[in-house]
Amino acid sequence: MLAPADFHSLAEYFQADAIIIRRHLHAHPELSFEEHQTAAFIANTLQNWDIPHQTGVAGTGIVVLLKGKNPDSRTVALRADMDALPIREKNDVPYKSQNDGVMHACGHDVHTTCLLTALRILHATRDRWSGTVKALFQPGEEKLPGGASLMIAEGVLDNPRPEAIFGQHVHPPLRAGVVGFREGMYMASTDEVYITVHGRGGHGALPNTTIDPVAISAQLITALQQLVSRQADPGTPSVLSFGKIYSDGGATNVIPNAVHLEGTFRTHDETWREVALRHVQHMAESICRGMGADCTVRIVSGYPALYNHEALTRKARVAAEAYLGKDNVVELPIRMTGEDFAYYSQHLPACFYRLGTGNPEKEITSPVHSDTFDIDEDALLTGGGLMAWLTVMTE
């Protein structure tokens, strides 16, 4: 029977290679749905380890079927995303991004490395565990429509169908060696809101001769915030934020013809999500019409809310405590960030947990999506071993 010590020793044995893999991936990041060299590197690595795999899934995705004893007895899926972000890295490290303006600032290089290491551990112990492991190396998590939805559409959850799926994400607020879980609702839906206010421009000193889209946009933003503060149920977390505002022309003394607003709406309630987005459109059109302007509203549907299956996540937490010790497993707070792993959670029991990667003593504290993000590479030791352990110990 497998014990934590078996996987600990293998994770330690493979740690040097894991660091090399992670640094290679970090130095060669690729944007969403453009992960061609990343996919080739993963495929070559799997081939060198004699692990069977299929390439070209949803473009650059890769699927692995790794069989243990009695392979038809159960199937468990593991997922890692591969894409990077359009960020110019500021870290002064030997493995700094060589692709200017592209960076693994969200840790997908870590996710990929941990899944490769987990597969290596499982491959080495395949005569000691039962079932089949289906590993998904997924493109395009950072960009709509999300690589998860495309891989699902291509049938990655069939033939064989997994009974559960696990995914992990780097988390700088937690120290390397610590992981976090949360049962039930965990992460928010992620819709994009685009509003253009069409007015009539003119001289800034003669606003009475214009229909000022700047002033109207200010009123509109203030009014739309009441969707969250006055219309959402207090027990339903919601966020409406506008992160980009720009005009067609304009100057200190020129009122433009149009102003564009770009924002995001997020919630954990799918019913309220639909209602709220209808309110956004109706409110925007009504306010603009009442002030003599027109507007166009475009809403791009994003990822759904992410729900962690209670029983599966509870089992995973118990297994993680056995592997890492109770002191190194914590409860996570609910989050308003989003993840396309949520698509998997709509189809089968899913558990998405956090891998601690921070280390204040080493000054590794930068958040994800920042140009100085990095990890304490001891996290690789935890991430690969734990993912393998959860696969075989949550039966």
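Here the structure is a predicted model, which means the values were calculated and not measured. Throughout, residue positions are numbered sequentially from 1 according to the sequence presented.
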Report task. Decide side-chain contact (heavy atoms from CB on, under 4.5 Å) for M82 and F41; before the verdict, give the C-alpha distance in whole Å, the side-chain angles of both, and the deciding distance to 0.1 Å. Result -> CA-CA 11 Å; M82 306 184 297; F41 176 82; over 6 Å; no
Report task. Among Ile, Leu, Val, Met, Phe, Trp and Tyr joined by side-chain contacts under 4.5 Å, find the other residues sharing a cluster with V93 and list them by chain and number. Result -> Y95
Query raised in the report: Strictly under 6.0 Å, is that where the ring centroids of H268 and Y307 end up?
Result: no
State, to 0.1 Å, how close [X] and [Y] come at their nearest heavy-atom pair, and which atoms those are.
X    : Y    : result
L306 : S345 : CA-OG, 4.2 Å
G199 : P213 : N-CB, 4.2 Å
A223 : M283 : O-SD, 3.5 Å
S238 : V228 : O-CG1, 3.6 Å
A39  : I62  : O-CD1, 3.4 Å
A293 : V197 : CB-CG1, 4.4 Å

Does [atom1] belonging to [X] count more than 12 external heavy atoms closer than 6.0 Å?
X    : atom1 : answer
D158 : CG    : yes
K362 : NZ    : yes
H282 : NE2   : no

Would you say [X]'s side chain and [Y]'s backbone share a donor-acceptor pair under 3.5 angstrom?
X    : Y    : answer
H309 : L312 : yes
S370 : S366 : no
K134 : P160 : yes
N91  : F373 : yes
Y323 : L390 : no
E192 : V300 : no
T210 : L206 : no
N48  : T45  : no

Query - F181 reachable from V178 in the ILVMFWY side-chain graph, under 4.5 Å edges - result: no
Requested in this report: Indicate if M151 and L78 have the same hydrophobic cluster label, given that clusters are the connected sets of ILVMFWY residues with side-chain heavy-atom separations under 4.5 angstrom.
Outcome: no
Supply the atom-to-atom distance [X] [atom1] to [Y] [atom2], rounded to the nearest 0.5 angstrom.
X    : Y    : atom1 : atom2 : result
F265 : R273 : CZ    : CZ    : 9.0 Å
E285 : C295 : CD    : SG    : 5.0 Å
D6   : W389 : CG    : CH2   : 7.5 Å
I165 : L348 : CD1   : CG    : 6.0 Å
C114 : M387 : SG    : CE    : 7.0 Å
N308 : M187 : CG    : CE    : 9.5 Å

Query raised in the report: Can you tell me if T264 and R266 form a side-chain donor-acceptor pair at under 3.5 Å?
Result: yes
Query raised in the report: Do Q168 and Y353 meet the criterion of a side-chain donor-acceptor pair at a distance under 3.5 Å?
Result: yes
Query raised in the report: Under the side chain to side chain donor-acceptor pair (under 3.5 Å) rule, what pairs show up with a residue in residues 110-119, not counting sequence neighbours?
Result: D81-H111
Report task. Take H108 and E142 through the test side-chain contact (heavy atoms from CB on, under 4.5 Å) and record every step on the way to the result. Result -> CA-CA 10 Å; H108 296 187; E142 298 286 357; 3.4 Å; yes
Query raised in the report: side-chain hydrogen bond (donor to acceptor under 3.5 Å, both in side chains) with R88: which of D100, N99, D371?
Result: D100
Report summary line: Sequence neighbours excluded, the answer for side-chain hydrogen bond (donor to acceptor under 3.5 Å, both in side chains) partners of K143 is none
Query raised in the report: How would you list, by chain and number, every residue that makes a side-chain hydrogen bond (donor to acceptor under 3.5 Å, both in side chains) with T196, sequence neighbours excluded?
Result: H260
Report task. Applying side-chain contact (heavy atoms from CB on, under 4.5 Å), run through I245 and I221 and close with a yes or a no. Result -> CA-CA 10 Å; I245 305 173; I221 291 173; 3.4 Å; yes
Report task. Would you mind telling me which of T394, V392, T132, V133 makes a side-chain contact (heavy atoms from CB on, under 4.5 Å) with R74? Result -> T394
Requested in this report: Assess whether side-chain contact (heavy atoms from CB on, under 4.5 Å) is satisfied between W272 and Q231, documenting all intermediate values.
Outcome: CA-CA 10 Å; W272 164 240; Q231 297 191 47; 4.0 Å; yes
Query raised in the report: Can we say R314 and E310 salt-bridge, meaning some charged N sits less than 4.0 Å from an Asp/Glu carboxylate O?
Result: no
Donor-acceptor pairs under 3.5 angstrom involving side-chain atoms of residues 15-35: please list them, not counting sequence neighbours.
| from | atom 1 | to | atom 2 | distance (Å) |
| --- | --- | --- | --- | --- |
| Q15 | OE1 | L381 | N | 3.4 |
| Q15 | NE2 | E377 | O | 3.1 |
| D17 | OD2 | R120 | NH1 | 2.8 |
| D17 | OD2 | R120 | NH2 | 3.3 |
| R22 | NE | D109 | OD2 | 3.1 |
| R22 | NH1 | D374 | OD1 | 3.3 |
| R22 | NH1 | E377 | OE2 | 3.2 |
| R22 | NH2 | H26 | ND1 | 3.4 |
| R22 | NH2 | D374 | OD1 | 3.0 |
| R23 | NE | E377 | OE1 | 3.3 |
| R23 | NE | E377 | OE2 | 3.0 |
| R23 | NH2 | E377 | OE1 | 2.8 |
| H26 | ND1 | D109 | OD2 | 2.9 |
| H26 | NE2 | E89 | OE1 | 3.2 |
| H26 | NE2 | E89 | OE2 | 2.9 |
| H28 | ND1 | H24 | O | 2.8 |
| E30 | OE1 | H36 | N | 3.4 |
| E30 | OE1 | Q37 | N | 3.1 |
| E30 | OE1 | T38 | N | 2.7 |
| E30 | OE1 | T38 | OG1 | 2.7 |
| E30 | OE2 | H36 | N | 3.4 |
| E30 | OE2 | Q37 | N | 3.1 |
| S32 | OG | D83 | OD2 | 2.7 |
| E35 | OE1 | F33 | N | 3.2 |
| E35 | OE1 | T60 | OG1 | 2.7 |
| E35 | OE2 | F33 | N | 3.0 |
| E35 | OE2 | G140 | N | 2.8 |

Expected list for residues 325-342: side-chain donor-acceptor pairs under 3.5 angstrom, two or more places apart:
| from | atom 1 | to | atom 2 | distance (Å) |
| --- | --- | --- | --- | --- |
| N328 | ND2 | L324 | O | 2.9 |
| E331 | OE1 | R317 | NH1 | 2.6 |
| R335 | NE | T337 | OG1 | 2.9 |
| R335 | NH2 | T337 | OG1 | 3.4 |
| E339 | OE1 | R79 | NH1 | 3.4 |
| E339 | OE1 | R79 | NH2 | 3.0 |
| E339 | OE1 | F341 | N | 2.9 |
| D340 | OD1 | R79 | NH2 | 2.7 |
| D340 | OD1 | Q138 | NE2 | 3.2 |
| D340 | OD2 | Q138 | NE2 | 2.9 |
| D340 | OD2 | G147 | N | 3.1 |
| D340 | OD2 | A148 | N | 2.9 |

